[in-house]
Amino acid sequence: MTVRVRIAPSPTGDPHVGTAYIGLLNWCFARRHGGQFILRIEDTDQTRCTEASAQAIYESLRWLGLTYDEGPDVGGDRGPYVQSERVKLGIYKKYADQLVAQGDAYYCFCTARDLDAMKARQRAANEPIMYDRRHRGLDLGEAQKRIDACEPYVVRMKTPLAGDFVYKDRLRKQPVVKAWKDIDDQVLLKSDGWPTYHLAAVVDDHLMGITHVIRAEEWLNSLPKHIWLNERLGFTPPEYVHVGLLRNADKSKISKRKNPTSLLWYRRQGFLPEAMLNFLATLGHSFPDGRELFSHQELAQVFDLDRINVAGPVFDLAKLRHLQGQWFRKMDPARQKAEVHRAIDERFDQLLPLLKERMACGGDFIAAAQTFYAAKVDPHLDELVPKGWTAAQARKVLEICQTAFKNHLAGEGNAWDVASLEGLVRGLIGEQSTLPFEHTEEQKAFAALWAPKGVFMALRVAATGSKESPPLFDTLAALGPMAVIERTGAAIHKLGVVKA
RNA sequence: GCUCCCAUCGUCUAGAGGCCUAGGACAUCGGAUUCUCAGUCCGACGACCGGGGUUCAAAUCCCCGUGGGAGUGCCA
């Protein structure tokens, strides 16, 4: 049996570094065993998925060199490789119908309101939060009548009520054991008629002849559902293997609020795909002879799935930078030159309109743009503290701004552009400068700081390392969220050290 | 709350019962090279979460605690 593995990202937002990580593992496994590596786009959430995001996934994988043998933009004989197209073919509906007919799934007419109320009650009673299976026993004829009357419905799986689910994951010493009674009657078909991940992935993995599913640990809890679906549908399940999740420095699951997670960001920053892959390959895995510098092709020759460590590794940018330096310095001069050009070009069109006011000659660009390409800045302490402020005050103001930036970034659909940044900071100034009727002298003094002059300067110096820059919000927008949050963080730290 | 997973230096890891006074890399600190910085070379600091077993022998196996993480969505 030839190995067939896949990655199945969802095209929402920017292509994710986690996709690259799981992609690398699957790619290596396929190459090592002479199998196929497949890309499938899982866009069954009509509200969140976009075509632009799918395109960005193709581009990012191509950039990294994780070439796939079959996929949406390269074809293959087990397609289509985009789930929305498969929905139109009626593929998932057919299997959902089969499960209902077999008595392994049922119609449920609960509304979002019903479910919310159920959860609230369960939470209050400290009970496990799951669907109470209230429509599980509904007569099929009765259900059909409601469907004919155009009542919205979903299809849920009818999981076993007793016994244990047991599965041996090759990377874990002990088998995974879960009691069936704790497993939810998961929705398989949503009320819009589209499948959920669970149904779609199981069906497609089978239809596409996937032999091994190497995926992140966040899926481990739904493993019983997937195995069960395979069984009820009469499929031979692929082997499921769960690897650790990439983490932030605080060990939580990697998130864009605490780390750059967008592959586009890394490319824009000038990171080399070789370095990125090399770095990802050291997470949870190691080269057999202890070597730390290697290409993904070299890795593929010795890659051993059983050597993966499932403890979630912290994604450490400092180590990535080190590897990047190694790769960059050993490149031939022609490629170095191309890389420098590319790094400048990536942001040139964005930066030139901003910087030209402060330029007279073409070469002035280098000095004017310096802060936008720098890995970090080191502002002078006395410049970081606006006139008449104390270091502690500057620190507090920057902390408030940084928190606002983080919250803005974490919010769904928030743009990092000039208008929203200006609105954000000016809004903050409005809030913070307003005093309650009852206030202390200290509060009054702090509120008085919140005027554009001082706040803008503190932000400017923190973000750029200098008192001179293009207009603040243009600058913040061009720097991007990661740089702004990281640099204000560094400034806060610096001001904190001084206070002590 | 409930369920599941995980646990070696600050971080990434080596270690599949004796080779471990636990090895390497990043970061940090010091020295050398250098006009400076970076790089490079050398060195220092630094870990088996705790407690019980099993065994002649445990970082490695088992149990319990603790800690961390994930899931708990008509998201994936």
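Here is how names work: the chains are called A, B, and so on, in the same order as the sequence lines, proteins then strands, and each is numbered from 1. Note that this is a predicted model, so its numbers are computed, not measured.
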**Atom-pair distance (OH on A:Tyr131; P on B:rC2), nearest Å** = 24 Å

**Nucleotide B:rA25, atom C1' - distance to CZ of A:Phe294 in whole Å** = 11 Å

**Asked** Which listed nucleotide (B:rG1, B:rC26, B:rG15) is nearest to the side chain of A:Asp316?
**Response** B:rC26

**Request:** Using the C1' atom on both, measure B:rC19 against B:rA57 and round to a whole Å.
**Result:** 14 Å

**Prompt:** On a whole-Å scale, what distance lies between the C1' atoms belonging to B:rC4 and B:rU8?
**Reply:** 24 Å

**Prompt:** Between A:Trp416 and A:His408, what is the ring plane arrangement, given parallel below 30°, perpendicular above 60°, and tilted in between?
**Reply:** tilted

**Message:** Could you tell me the Watson-Crick or G-U partner of B:rG43, where both distances fall under 3.5 Å? Say none if there is no partner.
**Reply:** B:rC29

**Request:** Name the pairing partner of B:rA57, where a pair is Watson-Crick or G-U wobble with both distances under 3.5 Å, or state none.
**Result:** none

**Item:** Polar side-chain contact A:Thr282-B:rC12 base: donor and acceptor under 3.5 Å
**Value:** no

**Asked** Which part of the nucleic acid, if any, lies within reach of A:Ser191 when heavy atoms closer than 4.0 Å are counted: base, sugar-phosphate only, or nothing?
**Response** base

**Message:** Contact between A:Pro224 and A:Tyr167 at the side-chain level, heavy atoms closer than 4.5 Å - yes or no?
**Reply:** no

**Asked** Considering heavy-atom distances to RNA chain B, does A:Leu220 or A:Gly290 have its closest nucleotide positioned more toward the 5' end?
**Response** A:Leu220

**Request:** Measure the distance from CZ on A:Arg247 to P on B:rG68 and round it to the nearest whole Å.
**Result:** 12 Å

**B:rA76 OP1/OP2 closer than 4.0 Å to side-chain N/O of A:Lys253** = no

**Asked** What's the closest nucleotide to the A:Lys190 side chain, out of B:rC75, B:rG71, B:rG68?
**Response** B:rC75

**Request:** Please confirm whether the backbone N or O of A:Ile210 pairs with a side-chain atom of A:Arg4, one donor and one acceptor, at under 3.5 Å?
**Result:** no

**Request:** Please give the nucleotide sitting opposite B:rC48 as a Watson-Crick or G-U wobble pair, both distances under 3.5 Å, or none.
**Result:** none

**Request:** Could you tell me whether the phosphate oxygens of B:rC75, OP1 or OP2, come under 4.0 Å of any side-chain nitrogen or oxygen in A:Ser10?
**Result:** no

**Message:** Strictly below 4.0 Å: does A:Gln174 bring a side-chain N or O up to OP1 or OP2 of B:rC62?
**Reply:** yes

**Item:** Polar side-chain contact A:Lys319-B:rA25 base: donor and acceptor under 3.5 Å
**Value:** yes

**Prompt:** For A:Gln326, which contact category applies under a 4.0 Å heavy-atom criterion: base, sugar-phosphate, or nothing?
**Reply:** sugar-phosphate

**Complete:** Rounded to whole Å, CG of A:Asp185 lies from P of B:rC74 at a distance of 12 Å

**Request:** May I ask you to evaluate whether A:Lys178 reaches the phosphate of B:rC5, defined as a side-chain N or O under 4.0 Å from OP1 or OP2?
**Result:** no

**C1' gap between B:rC48 and B:rA7, integer Å** = 10 Å

**Asked** If we call it a pair only when both distances are under 3.5 Å in a Watson-Crick or G-U wobble match, what pairs with B:rU66?
**Response** B:rA7

**Request:** Name the closest nucleotide to the A:Asp182 side chain, picking from B:rU11, B:rU3, B:rU40.
**Result:** B:rU3

**Item:** Spacing of the C1' atoms in B:rC61 and B:rU54 (rounded, Å)
**Value:** 8 Å

**Prompt:** Taking only N and O in the side chain of A:Lys251, is any of them less than 4.0 Å away from OP1 or OP2 of B:rC6?
**Reply:** no

**Prompt:** If you take atom types as modelled and just measure distance, does the side chain of A:Glu217 reach the base of B:rG69 with a donor-acceptor pair under 3.5 Å?
**Reply:** no

**Request:** Answer with base, sugar-phosphate or nothing: what part of the nucleic acid does A:Trp219 contact at a heavy-atom distance below 4.0 Å?
**Result:** base

**Asked** Which part of the nucleic acid does A:Asn221 contact within heavy-atom distance under 4.0 Å: base, sugar-phosphate only, or nothing?
**Response** base

**Prompt:** What's the CG-P distance between A:Leu246 and B:rU13, to the nearest Å?
**Reply:** 10 Å

**Message:** Please pick, from B:rC4, B:rC26, B:rA76, the nucleotide with the shortest atom-to-atom distance to any side-chain atom of A:Ala318.
**Reply:** B:rC26

**Request:** For A:Ser255 and A:Asn248, run side-chain hydrogen bond (donor to acceptor under 3.5 Å, both in side chains): C-alpha distance rounded to whole Å, both residues' side-chain angles, the deciding distance at 0.1 Å, then the answer.
**Result:** CA-CA 7 Å; A:Ser255 63; A:Asn248 297 314; 3.3 Å; yes

**Asked** Taking the six-membered ring where the residue is Trp, are the ring centres of A:His135 and A:Tyr106 under 6.0 Å apart?
**Response** no

**Asked** With sugar-phosphate meaning primed atoms plus P, OP1 and OP2, does A:Gln83 contact a base, only sugar-phosphate, or nothing at under 4.0 Å between heavy atoms?
**Response** nothing

**Request:** Using a 4.0 Å heavy-atom cut-off across all strands, classify A:Ser252 as base, sugar-phosphate, or nothing.
**Result:** sugar-phosphate

**Prompt:** Of the candidate nucleotides B:rA7, B:rA25, B:rC74, which contains the atom at the shortest distance from the side chain of A:Ala311?
**Reply:** B:rA7

**Message:** If you only use heavy atoms from C-beta on, which nucleotide in B:rG71, B:rA76, B:rG1 is closest to the side chain of A:Glu42?
**Reply:** B:rA76

**Complete:** Re B:rC20: Watson-Crick or G-U wobble partner, both distances kept under 3.5 Å, found to be none

**Prompt:** Should the pair A:Arg6 and A:Phe37 be classed as cation-pi, given the thresholds of under 6.0 Å to the six-membered ring centre and 45° from the axis?
**Reply:** no

**Request:** Sort out the partner of B:rA14 for me: Watson-Crick or G-U wobble, both distances under 3.5 Å, none otherwise.
**Result:** none

**Asked** Within the structure shown, what part of the strands sits under 4.0 Å from A:Arg329 by heavy-atom distance: base, sugar-phosphate, or nothing?
**Response** sugar-phosphate

**Fill in**
Whole-Å distance, A:Asp45 CG to B:rC75 P, equals 5 Å

**Message:** With nearest nucleotide decided by heavy atoms, which residue, A:His198 or A:Phe315, maps closer to the 5′ end of RNA chain B?
**Reply:** A:Phe315

**Asked** Touch check for A:Glu292, heavy atoms < 4.0 angstrom, all strands: base, sugar-phosphate only, or nothing?
**Response** base

**Prompt:** Across the strands shown, which category fits A:Cys108 at heavy-atom distances under 4.0 angstrom: base, sugar-phosphate, nothing?
**Reply:** nothing

**Prompt:** Taking a pair as Watson-Crick or G-U wobble with both distances under 3.5 Å, which nucleotide is matched to B:rA38?
**Reply:** none

**Request:** For B:rU11 and B:rG17, measure between their C1' atoms and round to the nearest Å.
**Result:** 29 Å

**Item:** Under 4.0 angstrom between A:Arg123 side-chain N/O and B:rU72 OP1 or OP2
**Value:** no

**Message:** Rounded to whole Å, how long is the line connecting atom CE of A:Met130 with atom P of B:rG71?
**Reply:** 17 Å

**Message:** Given B:rG15, B:rA25, B:rC12, identify the nucleotide with an atom nearest to the side chain of A:Arg307.
**Reply:** B:rG15

**Asked** Rounded to whole angstroms, how far apart are NZ on A:Lys173 and P on B:rG17?
**Response** 12 Å

**Prompt:** With ring centroids as reference points, do A:Trp27 and A:His296 lie under 6.0 angstrom apart?
**Reply:** yes

**Prompt:** What about A:Phe287 and A:Phe303, are their ring centers closer than 6.0 Å?
**Reply:** no

**Sugar-phosphate only, base, or nothing, as touched by A:Glu127 at under 4.0 Å among non-hydrogen atoms** = base

**Asked** Are the ring centres of A:His226 and A:Tyr197 closer than 6.0 Å?
**Response** yes

**Request:** Could you tell me whether A:Val310 contacts a base, only the sugar-phosphate backbone, or nothing, with contacts defined as non-hydrogen atoms closer than 4.0 Å?
**Result:** sugar-phosphate

**Request:** Quick one: look up who B:rG71 pairs with, Watson-Crick or G-U, both distances under 3.5 Å, and put none if it's unpaired.
**Result:** B:rC2

**All pairs passing salt bridge (Lys or Arg N to Asp or Glu O under 4.0 Å) where residues 222-232 of chain A contributes a residue, at least two apart** = A:Asp104-A:Arg232

**Prompt:** Of the nucleotides B:rU40, B:rG71, B:rC5, which one has an atom closest to the side chain of A:Val176?
**Reply:** B:rC5

**Message:** B:rA76, OP1 or OP2 - any side-chain N/O from A:Thr44 closer than 4.0 Å?
**Reply:** yes

